[in-house]
Amino acid sequence: MEIRKYTKDLIPDVIDFEKRLREEEDFWGWEINEKYIDDVSKSFESSSFNESLSLLAYVDGKVVGRIDSSTIYSHFDGSKKAYLDWICVIKAVVIKELLKHL
């Protein structure tokens with residue numbers, strides 16, 4: 001398994017991942033369409049997303065997992081925390097990978 005930072009050039013890999021997720025479980029609340037792809041592309045160019053980090057897990061050259069986080073700063077206690085927004089995997093592939101290591 002290889003972990004990569006999600007960058008704009010990896011959008012096609014993530015689109016493929018999201019389509020495969022929908023084959024496994026179809027309960028997602030948005031469509032993969034041109035507007036969605038355009039919004040994702042623009043997010044990589046906006047400074048509003050500077051405190052976010054997305055990581056992709058690859059197996060055999062395909063994304064099988066994704067985690068998205070944002071940094072949250074609090075004046076209340078002077079802390080810096082990460083908020084995990086999205087943790088998603090293609091279960092069949094991840095379980096197969098885990099079983100290889102038992």
To the closest 0.5 Å, what do you measure between [atom1] ([X]) and [atom2] ([Y])?
| X | Y | atom1 | atom2 | answer |
| --- | --- | --- | --- | --- |
| I67 | I87 | CD1 | CD1 | 4.0 Å |
| W86 | L55 | CH2 | CG | 13.5 Å |
| I15 | K19 | CD1 | NZ | 7.0 Å |

- prompt: Are the side chain of S52 and the backbone N or O of F49 linked by a donor-acceptor pair below 3.5 Å?
  reply: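 Yes, because the side chain of S52 sits within donor-acceptor range (under 3.5 Å) of the backbone of F49.
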message: Please list all pairs meeting salt bridge (Lys or Arg N to Asp or Glu O under 4.0 Å) that have one or both residues in residues 59-78, counting only residues at least two apart or in different chains.
response: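 Residue pairs passing salt bridge (Lys or Arg N to Asp or Glu O under 4.0 Å), neighbours aside: D16-K62, E18-R66, R66-D68, D77-K81.
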Kindly write out the residues that satisfy salt bridge (charged side-chain N to carboxylate O under 4.0 Å, His left out) with [X], not counting sequence neighbours, or none if the list is empty.
| X | answer |
| --- | --- |
| E2 | R4 |
| K35 | D39 |
| K100 | E97 |
| E45 | K8 |

message: Restricting to side-chain hydrogen bond (donor to acceptor under 3.5 Å, both in side chains), what partner residues turn up for D9, sequence neighbours left out?
response: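 With neighbours one apart ignored, the set is T7.
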- request: Using the ring pair (Phe, Tyr, Trp, His ring centres under 6.0 Å) rule, collect all pairs that involve residues 55-81, keeping only residues at least two apart or in two chains.
  value: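 Matches after skipping sequence neighbours: none remain.
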- prompt: Which atom pair, heavy atoms only, marks the closest approach of V40 to F44?
  reply: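 Between these two residues, the closest heavy atoms are O-CD1, 3.3 Å.
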query: Do you know which two heavy atoms are closest between R22 and I32, and how far apart they sit?
result: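 Taking every non-hydrogen atom into account, NH1-CD1, 3.5 Å.
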message: Between L56 and V14, is the side-chain contact (heavy atoms from CB on, under 4.5 Å) condition met? List the steps.
response: CA-CA 8 Å; L56 306 173; V14 173; 3.7 Å; yes
field: Set of side chain to side chain contact (heavy atoms under 4.5 Å, CB included) partners for S47, sequence neighbours left out
entry: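 For S47, the residues satisfying side chain to side chain contact (heavy atoms under 4.5 Å, CB included) (neighbours in sequence not counted) are N50.
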- prompt: With sequence neighbours excluded, what pairs up with I90 under the side chain to side chain contact (heavy atoms under 4.5 Å, CB included) test?
  reply: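 Here the qualifying residues are F17, R20, L21, E24, V93.
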query: Hydrophobic cluster mates of I72, side-chain heavy atoms under 4.5 angstrom, ILVMFWY only, any path?
result: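 Members besides I72, by chain and number: Y83.
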- request: Apply the test side-chain contact (heavy atoms from CB on, under 4.5 Å) to residues D85 and S69: give CA-CA distance (whole Å), side-chain angles for both, the deciding distance (0.1 Å), then the verdict.
  value: CA-CA 5 Å; D85 179 45; S69 67; over 6 Å; no
Residue pair L53, Y6: steps toward the side-chain contact (heavy atoms from CB on, under 4.5 Å) verdict: CA-CA 8 Å; L53 173 66; Y6 184 10; over 6 Å; no
